[in-house]
Amino acid sequence: MKRLTLMIPILMILSCQQNTKKTTTENQVMVDDPHSFSKPSIAYVTHLDLDLEVNFEQQQITGKAIWTIDNKAKDKEIIFDDSKLNIEKITLGADEKETTFTFGSETAYLGKALKVAIAPETKLINIYYTTGKDASALQWLNPQQTAGKKRPYLFTQSESIAARSWVPCQDSPGIRFTYNATVKVPADLLALMSAENPQAKNSTGIYQFKQVHPIPSYLLALAVGDIAFKAVDERTGVYAEPSVLEKAAWEFADMGKMVHAAEKLYGPYRWGRYDLVVLPPSFPFGGMENPNLTFITPTILAGDRSLVSIICHELAHSWSGNLVTNATWNDFWLNEGFTNYFERRMDEALYGKNEAEMQEVFAKQALENAVKDMGADSKDTYLKTDYTGRNPDEGTNDIAYEKGFFFLKTIEAAVGREKFDAFLRGYFDGHAFQSLTTEQFLDYLNKNLIKGDKALEDKIDINKWVYGPGIPANVAAVGSARFKAIDGLVANWRKTAAVKGLSKEIVSSNERRYFISQLPANLTAKDMAALDAEFGFTASNNTDIQLTWYALALRHHYTTADARIKAYLLENGRMWHIIPLYKEMMATPERLKMAREIYKLARPNYHPMTYQGD
């Protein structure tokens, strides 16, 4: 999943003002999770049989969740997580003997505990329920909010702790289970899940799913809509609304190459097929790494394949995150820091060293900005964090992603790439389908890479990275020859103001994004117009360039871009791409008025995670 960033409160303010190995979890060490009421050391789930009916008129899912459990302590109670579900009844066993259940008190962010009475010998628990109107994981779209404009759409976003709002579950990344599902939807729509998927609609609207590998609850996913499929190669393909499908399939033509590049780095892809579903624009992230089926934003459909490296990130999660998972959200860097490292290694293999180096420079800038925003001494800049009593979504920021990346890059620099690659391959193989804490990873690191080498241990300085604030002094150096060349072009432009021909020297998406970011603070309207005439930034369809240029346009009152900025904010629900622009507009009274007007129109198209709290 791509980061939420640290700027979610901006919209709150606006609103107020307006497999090759055996699949097993037998060796899994269960840990207490501050963001789940479940007590897995007493009793935990191992398999789910899910029966769902999707009702678009009521915007409600009716469900029966049949949980197979391991009553490890032979206790008389098992605890699930619940967020605004309507629990109708709960029965035990295949003979469905009704049992009693109680709820804990409602807790901010977490919902409440669902406590189910069981017997020491209980193996099956059947929970009958319906979802609430405000289920945080469910995004119900009317036809106008879709690409096709004819049929409604539903998609889920379970990460971090929203699965409990559409399935009663033990909603912790440290608890894994396999699942089967039957989903009934309107007959002219297709249902997809984070599992083995159909490739075409049937006449009944009833679809069967199977996930044979144990996953945590945040990887439960469902999408329902007017969706079609097109294969890319023998094990990859694209789902999308029919009007988007051909464009998406062309954009993602390198999916198969990406899977092969990933396997060459860190071992076999263990999930069978790797497919994407392109969601409507209100999807709040760049992508979500749901197993078998990545959910992806349409904002990367630039028409020139310039933004597809995000697929490398979501694919990398098939190893770092889905295969080996953070045990709690306080260990989130184990998912995202590893994935950013893996992603950039794939970028280098597929698109060359220059591409990877540019990504690393952006990563360093993002990390420095995150530390500046949080404070250099903030404990939230530790890799091992503590979000107890807070929404773990706050932790999905550039510390987990980029400080995690630079920690691994620093280890690589200390031991050499060949040795580090062998270590990572062993790490993924040795912990397949397991969830780990930071401490468990560090124990593995010490035993399998450090191996008592005091000089190496001192060189890496693990404790400063994991349990210390800010950016350690031994951070691996980054640099880009292409960006240095652009620095020279910017310097020459500042002397001469000559822009003719620059667009032929500054070509790629990353190069242009960097160029915009290096423009001086004293730009005039004349400068902006000249640059726009040369590069066509305002009219660009590349959302990375649009974001960077539109922020600059707002800062320098370049009103020529206002209409495109408004359209961009109305059509785009990706948080990282819209919140910075609202932030820019809030800097002056006249722009704040513009922000409120746009937000009023745009809010119905945004995902609840985008405007949470208002």
Side-chain angles (χ1 to χ4, degrees), residues 52 54 56 139 141 143 145-157 179-213 219-260 269 271-283 285-303 305 307-308 310-312 314-315 317-318 322:
L52 302 178
V54 177
F56 279 94
Q139 177 74 338
L141 304 180
Q145 294 171 303
T146 69
K149 311 297 183 186
K150 295 179 180 178
R151 300 295 294 130
Y153 204 108
L154 166 67
F155 67 85
T156 63
Q157 175 57 38
Y179 78 86
N180 299 327
T182 300
V183 181
K184 183 178 181 181
V185 302
D188 59 344
L189 302 182
L190 178 67
L192 304 170
M193 294 193 77
S194 51
E196 299 172 9
N197 279 297
Q199 295 182 353
K201 298 174 187 174
N202 62 37
S203 61
T204 66
I206 299 174
Y207 297 93
Q208 308 288 334
F209 302 92
K210 180 183 291 186
Q211 178 52 264
V212 299
H213 300 300
L219 294 176
L220 272 176
L222 172 67
V224 181
D226 182 13
I227 301 170
F229 174 80
K230 185 168 184 177
V232 172
D233 64 12
E234 69 280 356
R235 61 172 171 172
T236 67
V238 178
Y239 293 90
E241 292 183 70
S243 64
V244 178
L245 184 60
E246 291 298 326
K247 181 180 180 180
W250 183 88
E251 200 85 17
F252 305 137
D254 287 342
M255 284 173 62
K257 295 178 183 177
M258 293 176 181
V259 177
H260 287 298
Y269 177 77
W271 301 87
R273 292 194 58 84
Y274 180 72
D275 296 317
L276 307 177
V277 57
V278 180
L279 294 179
S282 59
F283 183 57
F285 305 115
M288 179 62 211
E289 63 273 14
N290 299 310
N292 295 84
L293 186 70
T294 286
F295 284 19
I296 204 74
T297 174
T299 64
I300 65 171
L301 299 177
R305 298 175 180 154
L307 298 176
V308 297
I310 192 174
I311 306 304
C312 292
E314 305 309 331
L315 172 60
H317 270 304
S318 299
N322 299 3

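- The closest donor-acceptor contact from the side chain of Arg273 to the backbone of Ala195 lies at 3.5 Å or more, if one exists at all.
- In summary, the side chains of Gln208 and Thr182 do present a donor paired with an acceptor at a separation below 3.5 Å, with no hydrogens or angles considered.
- A side-chain donor-acceptor contact under 3.5 Å links Glu241 to the backbone of Ala147.
- A distance-only check finds no donor-acceptor pair linking the side chain of Asn292 to the backbone of Glu196 [under 3.5 Å].
- In this structure, Ser282 and Gln139 have side chains that are in contact, with non-hydrogen atoms separated by less than 4.5 Å.
- Separation of atoms CG (Asn322) and CG (Leu219) is listed at 4.5 Å; rounding is to 0.5 Å.
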Might you work through the side-chain contact (heavy atoms from CB on, under 4.5 Å) test for Leu315 and Thr294, ending with a clear yes or no? CA-CA 8 Å; Leu315 172 60; Thr294 286; over 6 Å; no
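- Using a 4.0 Å cut-off between charged nitrogen and carboxylate oxygen, Glu246 and Lys230 count as a salt-bridge pair.
- Pairing each heavy atom of Tyr179 with each of Ala221, the nearest pair is OH-O, 4.5 Å.
- Heavy atoms only, all atoms of each residue included: Tyr207 and Leu190 are closest at CE2-CD1, 3.6 Å.
- Note: Phe252 CZ to Met258 CE = 8.5 Å, rounded to the nearest 0.5 Å.
- Checking side-chain atoms of Lys201 against main-chain N and O of Asp188 turns up a donor-acceptor pair under 3.5 Å.
- Residue Tyr153 holds its OH atom at 3.5 Å from CD1 of Ile227, rounded to the nearest 0.5 Å.
- The side-chain heavy atoms of Phe155 and Val277, taken from C-beta on, include no pair separated by under 4.5 Å.
- Within the 3.5 Å criterion, the main-chain N or O of Ser194 finds a donor-acceptor partner in the side chain of Gln211.
- Ring planes of Phe283 and Phe285: perpendicular class, angle over 60° (limits at 30 and 60°).
- Across Ser243 and Gly148, no two heavy atoms sit closer than the pair OG-N, 4.2 Å.
- The nearest pair of heavy atoms linking Pro186 to Val54 is CD-O, 4.1 Å.
- The side-chain hydrogen bond (donor to acceptor under 3.5 Å, both in side chains) contacts involving residues 249-260 comprise nothing, where partners must be two or more places apart or lie in separate chains.
- Pairing each heavy atom of Ile296 with each of Gly287, the nearest pair is CD1-CA, 3.9 Å.
- From Asp226, atom CG reaches atom OG1 of Thr146 across 8.0 Å, with rounding to the nearest 0.5 Å.
- Listed here is the closest heavy atom pair of Leu301 and Ala248: CD2-CA, 3.9 Å.
- Atom OG1 of residue Thr156 and atom CG of residue Asn290 lie 6.5 Å apart, to the nearest 0.5 angstrom.
- A heavy-atom distance below 4.5 Å is not found between the side chains of Asp275 and Asn197.
- Taking the six-membered ring where tryptophan is involved, the planes of Phe229 and Tyr239 are tilted, since the angle between them lies from 30° to 60°.
- Here His213 contributes atom NE2 and Trp271 contributes atom CH2; the two are 6.0 Å apart, rounded to the nearest 0.5 Å.
- Considering only residues two or more places apart in sequence or on other chains, Lys150 meets the salt bridge (charged side-chain N to carboxylate O under 4.0 Å, His left out) condition with none of them.
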